[in-house]
Structures are given as structure tokens and as C-alpha cells.
Amino acid sequence: MSKTSQQNTSTDANGVSVIHTPAHTSGLQQVPQLVPVSPGGGGKAVPPSKQGKKNSFVDRNSDEYRQRRERNNMAVKKSRLKSKQKAQDTLQRVNQLKEENERLEAKIKLLTKELSVLKDLFLEHAHNFADNVQPVGTETSTANPESSGQ
């Protein structure tokens with residue numbers, strides 16, 4: 001299974017070098033190898049859908065061309081309308097959220113004031129309650145005078 005070093009190189013119309021090597025003696029069919037002409041690898045690869053359209057002449061007066069242009073124009077118009085609608089929806093949502101945020105901030109202020117008032121009332125009540133209650137160990141006994149003299 002030794003390979004021979006005889007090779008024939010040719011360049012096709014696309015600028016691609018094709019190396020032809022002699023077929024093996026096993027009866028296999030020869031397969032050409034594609035090698036780029038330039039050392040940098042050539043250019044960009046062109047997808048198969050675009051290969052035939054690159055050099056073809058387009059008749060701008062044909063019905064097919066007009067239909068394709070019309071479909072494309074409609075698609076562009078639809079896409080732009082969709083984009084515009086999305087931007088308007090986003091702006092509307094931003095405005096709604098701003099209004100909600102302002103309402104919530106006002107509610108926070110109100111509740112904070114209410115908390116402060118209630119806290120002050122509680123502390124005042126607790127202070128007054130503490131002043132009116134005497135400690136347990138310092139209570140004066142109000143014994144019945146009748147029982148103490150006997």
C-alpha cells in the first residue's frame with residue numbers, strides 16, 4: 001500500500017487547484033483533492049444558494065422581479081411597523097412603571113409618617129405607664145388598723 005509521488009495539478013475556472021493522484025491498484029475510483037491557490041486559503045466561502053445568483057443578469061422589467069420586489073417591500077414595511085410598535089409598547093410600559101413607582105414612594109412616605117406618630121404615642125404611653133406604677137418591693141402596706149392593734 002505505498003503511494004506513488006506522481007501528481008498532476010491543474011487549476012479550474014474558480015481559481016482552485018485540483019491535485020490528481022494515480023488511483024490505487026485496489027480498483028478504487030480516483031477522487032480529486034481541492035487545494036486553494038493562495039496560501040491564505042482564498043476568499044470567503046459562498047453559500048450554495050448565492051453561487052448561481054452572483055453573475056446572473058436580473059431583468060428589472062420582468063414580472064417575477066416586480067413580484068419579488070413587492071413582497072420584499074411589504075416584508076420591510078411589516079418589519080418596520082413591528083419594530084415601531086414594540087418601541088411604543090416599551091415606552092408605554094416605562095411610563096406605567098414610573099407612575100407606579102411615584103405612587104409607591106408616596107405610600108412609603110405616608111406609612112413612614114404614620115409609623116413615627118404611632119411610635120411616639122406608644123413611647124409616651126409607656127413612659128406615663130411607667131411613672132404611674134410603683135416597683136413591687138416599695139409598696140406601702142395599707143393594713144387594716146383594726147387588726148394591727150389587737
Side-chain angles (χ1 to χ4, degrees), residues 1-140:
M1 292 236 306
S2 65
K3 291 187 178 183
T4 60
S5 62
Q6 296 177 351
Q7 296 180 349
N8 294 328
T9 305
S10 63
T11 305
D12 66 1
N14 294 329
V16 176
S17 294
V18 179
I19 300 173
H20 300 282
T21 57
H24 296 293
T25 55
S26 62
L28 297 176
Q29 186 177 5
Q30 180 180 356
V31 178
Q33 297 175 353
L34 300 178
V35 178
V37 175
S38 65
K44 292 183 179 180
V46 180
S49 62
K50 301 279 183 180
Q51 285 178 349
K53 296 178 183 179
K54 193 172 185 180
N55 294 328
S56 65
F57 176 74
V58 178
D59 183 14
R60 294 182 179 211
N61 296 325
S62 69
D63 288 337
E64 180 188 353
Y65 176 78
R66 292 302 325 146
Q67 288 174 351
R68 284 195 328 216
R69 292 302 316 142
E70 190 174 323
R71 279 199 327 259
N72 181 259
N73 290 342
M74 289 172 56
V76 167
K77 197 178 289 187
K78 183 179 176 183
S79 173
R80 288 178 182 159
L81 283 174
K82 187 177 178 182
S83 175
K84 194 174 188 178
Q85 182 65 43
K86 187 175 181 180
Q88 288 175 348
D89 291 346
T90 302
L91 185 62
Q92 184 179 2
R93 180 74 174 135
V94 165
N95 290 333
Q96 287 175 347
L97 291 173
K98 281 182 180 179
E99 289 175 8
E100 183 181 0
N101 193 32
E102 289 173 4
R103 282 194 310 269
L104 291 172
E105 285 178 355
K107 190 173 184 178
I108 288 172
K109 271 187 179 179
L110 180 68
L111 291 173
T112 304
K113 284 181 182 179
E114 186 178 342
L115 177 65
S116 178
V117 168
L118 291 173
K119 192 175 184 181
D120 289 344
L121 283 173
F122 175 76
L123 290 175
E124 184 181 330
H125 179 69
H127 182 55
N128 289 338
F129 183 73
D131 288 345
N132 292 336
V133 174
Q134 295 177 355
V136 176
T138 60
E139 280 187 30
T140 58

task = Please list all pairs passing the side chain to side chain donor-acceptor pair (under 3.5 Å) test where one or both residues lie in residues 77-98, with sequence neighbours left out.
result = Gln85-Asp89
key: CG-CG distance between Leu118 and Leu123, expressed to the nearest 0.5 angstrom   = 11.0 Å
query = In Å, rounded to the nearest 0.5 Å, how long is the span from CG of Asp131 to NE2 of His127?
reply =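 It is 4.5 Å, given to the nearest 0.5 Å.
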request  = Taking all non-hydrogen atoms of both residues into account, name the closest pair between Thr112 and Ile108 and its distance.
outcome  =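 So the two residues come closest at OG1-O, 2.6 Å.
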request  = Quick one: which residue pairs count as a salt bridge (Lys or Arg N to Asp or Glu O under 4.0 Å) with a foot in residues 64-76, not counting sequence neighbours?
outcome  =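 Checked against salt bridge (Lys or Arg N to Asp or Glu O under 4.0 Å) - neighbours excluded - the pairs reaching residues 64-76 are Glu64-Arg68.
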task = Applying side chain to side chain contact (heavy atoms under 4.5 Å, CB included), name anything that partners Glu124, two or more places apart in sequence or on another chain.
result =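 Side chain to side chain contact (heavy atoms under 4.5 Å, CB included) list for Glu124, sorted by chain: Asn128.
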